[in-house]
Amino acid sequence: MNDKMTENILSVNNLSVTFTQANQINCAVKNVSFNLQKGKTFALVGESGSGKSVTAHAILRLLPENSCHFPSGSVSYNNRELLNAPLSHMQSVRGNGIGMIFQEPMTALNPLHSVEKQISETLLLHGKLSAKDIKRRVIELLTLVGIPDPKQKLSSYPHELSGGQRQRVMIAMALSNEPDILIADEPTTALDVNIQKQVLNLLKELQQKMGMAILLITHDLGIVKRYADTVAVMSDGELVETNDCQALFKSPQHPYTQRLLASEPSGSPCSTTEQDGALLEVSDFNVWFPIKKGVFKRTVGHVKAVNNINFALKKGRTLGIVGESGSGKTTLVQGLLRLCSSHGSIIFNGINIQNLSQSDVRPYRKSLQIVFQDPFSSLSPRMSAADIISEGLAIHNPMPKQESDKLIIQIMKEVGLDPATRHRYPHEFSGGQRQRIAIARVLILKPELIILDEPTSALDRSVQCQVVDLLRSLQEKYQFSYVFISHDLKVVKALAHDIMVLKDGKVTEQGSAAEIFQNPKTEYTKELISTALNL
């Protein structure tokens, strides 16, 4: 039995992947080799843009065939070559033999199809269940991945779910046919720490039950250390080190691996001067969504997504908002920005913007900016990085092209992007690079208040440290105020002066960050902090 469990189910040998664009050949993956064994977890780690996701997509041949080439190598699944296999064979492998959790659930899910239809489609394609059993299986899968009220969520569309809930739907789809191999590309990026732990424990449990092999692609080294059997470290398209998980963490050999393991968001929030009055005051704030039923669509109740929130934020300070996926964090900030209907007082710089019309709110948009959670869906695929970053300038601060180009180059350097890439489009960047473009788009306007909705969730640890340091230095220099939403409490601890804990749309605890981290009062906060520090 042990021999069967340790046999190679997937072998990648000497794999190279190149992309041809405008007569230029870029090598994204260079001579990569590794084996995946039944019942084992193989983690592929490395910085954003190192080639991890390209390697995973190459296994299932999900890369664009007109511009992608394989100069060398082979990918063998169950002793059958995949790189030159006919499309019909690949279709039977995808989702059945090899399942995949994609990095960005909002773009991977079809916005026109309900949750039930999207999960059912995978089951129907491979014909493993009768039509009457499919709905039962979908509910079972949603329950497994921790979706609350799974029966009610069947008719929901992706935009009606939180980022974490969308990620869990992706996981349910990938597991629906109980595949031999699960490729998990950043499977817990959008999830809070409690759900991360639940999902990873679930994957481990299913792995033991089914003998499933897992190829885990992640930048979260805490997850790798806890769940992986073997780790391969990738840099600039090459594997620089592969070793048993415990051995690699205990004694990393390659300088790049050593630097990667040493990267951890640290330090404390920047010092602030005592300010009179608040930049932002929010009181009796509610975002309720009506529940309508019947032929005449009468309102029979409300989903209280955000319920009676009160807080004040002074200039130059950071408020960290933490809580489970679906707790109302993103809905709260959308309400504050007048992006959804809300009730209550929003006083910004002494003006109650809640009472203003949309046209009267527009001048305040320059001073009130947001970095969204999902960079790919918030960036226009038809605009270059330079156009995206300068879009706000064209509206709020028009200037000659030469001056705006100078600003674009400067801000791209500040967020760690190569200015030479400014004419590329979003799909030509990695997930982490797209997030940095989104941050640059906001920073170029030098707003007074920046709302950061999971701004580091798509970034690897070393880049997270850079972004945290960048946000701190910018706050020190320009006295920006931040509302910082994150499930990563290590990042929150490094940035936030104050913390507000949300659960089911309500504040369960709020106060200074130092006080909450050292002496949390509620069981919920204690559990969040304990899980975050131990994961």
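Throughout, numbering of the chain's residues begins at 1 and tracks the sequence.
- Using a 4.5 Å cut-off on side-chain heavy atoms (C-beta onward), T218 and V224 make contact.
- With hydrogens and angles disregarded, a donor-acceptor distance shorter than 3.5 Å links the side chain of R434 to the backbone of F429.
- A distance of 14.0 Å separates CD of E414 from CZ of R436, quoted to the nearest 0.5 Å.
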E476 and R472: CA distance, side-chain angles, deciding distance, salt bridge (charged side-chain N to carboxylate O under 4.0 Å, His left out) verdict: CA-CA 6 Å; E476 193 104 36; R472 266 199 301 244; over 6 Å; no
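- Atom NZ of K526 sits in a crowded spot, with more than 12 heavy atoms from other residues, nucleotides or ligands closer than 6.0 Å.
- Atoms NE2 and CD1, on H57 and I217 in that order, are 8.0 Å from each other to the nearest 0.5 Å.
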For residues 344-355, please give each side-chain donor-acceptor pair under 3.5 Å, one per line with the distance, not counting sequence neighbours.
| from | atom 1 | to | atom 2 | distance (Å) |
| --- | --- | --- | --- | --- |
| N349 | ND2 | E448 | OE1 | 3.3 |
| N349 | ND2 | E448 | OE2 | 2.9 |
| N352 | OD1 | I346 | N | 3.3 |
| N352 | OD1 | Q354 | N | 3.1 |
| Q354 | NE2 | S342 | OG | 3.1 |
| Q354 | NE2 | G344 | O | 3.1 |

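- Remark: F289 pairs with V287, V303, A305, T331 by the side-chain contact (heavy atoms from CB on, under 4.5 Å) rule, at least two apart or across chains.
- For S268, the side-chain contact (heavy atoms from CB on, under 4.5 Å) criterion is met by no residue, not counting sequence neighbours.
- Within the 3.5 Å criterion, the main-chain N or O of P252 finds a donor-acceptor partner in the side chain of Q258.
- Considering all non-hydrogen atoms of both residues, V361 and R338 come closest at CG2-NH1, 3.2 Å.
- Within the 3.5 Å criterion, the main-chain N or O of G323 finds a donor-acceptor partner in the side chain of K329.
- Within the 4.5 Å cutoff, side-chain heavy atoms of L337 are placed close to those of R365.
- Panel note: side chain S481, backbone G316; a donor-acceptor pair is recorded below 3.5 Å.
- The two residues K366 and L445 have their closest heavy-atom pair at CE-O, 3.7 Å.
- Between T143 and I147, every side-chain heavy-atom pair lies at or beyond the 4.5 Å cut-off.
- Between I214 and I181 there is no side-chain heavy-atom pair separated by less than 4.5 Å.
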Take Q207 and T41, measure what side-chain hydrogen bond (donor to acceptor under 3.5 Å, both in side chains) needs, and give me the verdict at the end. CA-CA 9 Å; Q207 182 182 43; T41 299; 2.9 Å; yes
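- Contact detail for L239 and A232: the closest heavy-atom pair is CD2-CB, 3.9 Å.
- Put simply, CD on E509 and CG on L502 are 12.0 Å apart, with the number rounded to the nearest 0.5 Å.
- Note that CG of N519 is 5.5 Å distant from NZ of K521, once rounded to the nearest 0.5 Å.
- The cationic group of K204 does not satisfy the cation-pi geometry with Y227, failing either the under 6.0 Å distance to the six-membered ring centre or the 45° limit from the ring axis.
- For the pair E178 and R137, the salt-bridge criterion is met [side-chain N within less than 4.0 Å of a carboxylate O].
- Remark: the backbone N or O of M173 is paired with a side-chain donor or acceptor of S176 at under 3.5 angstrom.
- No side-chain heavy atom of V501 sits under 4.5 Å from any side-chain heavy atom of T522.
- Here the NZ atom belonging to K315 is positioned 12.5 Å from the OH atom belonging to Y478, to the nearest 0.5 angstrom.
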Could you walk me through whether L248 and T257 satisfy the side-chain contact (heavy atoms from CB on, under 4.5 Å) test, starting with their C-alpha distance in whole Å, then the side-chain angles of each, then the deciding distance to 0.1 Å, before giving a yes or no? CA-CA 9 Å; L248 185 133; T257 310; 4.0 Å; yes
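- The side-chain heavy atoms of M234 and L44, taken from C-beta on, include a pair separated by under 4.5 Å.
- One finds the CD atom of E281 at 10.0 Å from the NZ atom of K314 (value rounded to the nearest 0.5 Å).
- Side-chain polar atoms of S512 and D498 form no donor-acceptor pair below 3.5 angstrom.
- Side chains of T525 and E523: a donor-acceptor N/O pair is absent below 3.5 angstrom, by distance only.
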Decide yes or no on side-chain contact (heavy atoms from CB on, under 4.5 Å) for Y256 and E241, but give the supporting numbers first. CA-CA 9 Å; Y256 175 77; E241 185 169 354; over 6 Å; no
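- Between L336 and F285, the closest heavy-atom pair is N-CZ, 3.7 Å.
- Counting heavy atoms from C-beta on, the side chains of R317 and F480 never come closer than 4.5 Å.
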Check the pair V483, L452 against side-chain contact (heavy atoms from CB on, under 4.5 Å), reporting the backbone distance first and the verdict last. CA-CA 6 Å; V483 172; L452 300 141; over 6 Å; no
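- Remark: the backbone N or O of Q246 is paired with a side-chain donor or acceptor of D244 at under 3.5 angstrom.
- Remark: the backbone N or O of K40 is not paired with any side-chain donor or acceptor of D229 at under 3.5 angstrom.
- Within 6.0 Å of NE2 in H302 there are more than 12 heavy atoms belonging to other residues, nucleotides or ligands.
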Would you be so kind as to tabulate the donor-acceptor pairs closer than 3.5 Å made by side chains of residues 306-313, with sequence neighbours excluded?
| from | atom 1 | to | atom 2 | distance (Å) |
| --- | --- | --- | --- | --- |
| N310 | OD1 | D284 | N | 2.7 |

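- Side-chain atoms of S473 come within 3.5 Å of backbone N or O of D469 as a donor-acceptor pair.
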Give the C-alpha distance, both sets of side-chain angles, the deciding distance and a yes or no for side-chain contact (heavy atoms from CB on, under 4.5 Å) between Q118 and V169. CA-CA 9 Å; Q118 297 197 56; V169 170; 5.7 Å; no
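- The side-chain contact (heavy atoms from CB on, under 4.5 Å) check on T318 picks up Q475, Y482, F484, A496, H497, with sequence neighbours excluded.
- Residues I450 and P447 have side chains in contact (heavy-atom distance under 4.5 Å, counting atoms from C-beta outward).
- Smallest separation of non-hydrogen atoms from L261 and F249: CD2-CE2, 3.5 Å.
- Qualifying side-chain hydrogen bond (donor to acceptor under 3.5 Å, both in side chains) partners for Q510, counting only residues two or more places apart in sequence or in other chains: none.
- At a threshold of 4.0 Å, the pair E205-K209 does not count as salt-bridged, since none of the basic side-chain nitrogens sits closer than that to a carboxylate oxygen.
- Shortest non-hydrogen contact noted between V145 and R168 is O-CD, 2.8 Å.
- For the pair Q152 (side chain) and D149 (backbone), a donor-acceptor distance under 3.5 Å is absent.
- Without hydrogens or angle criteria, R166 side chain to P158 main chain gives a donor-acceptor distance under 3.5 Å.
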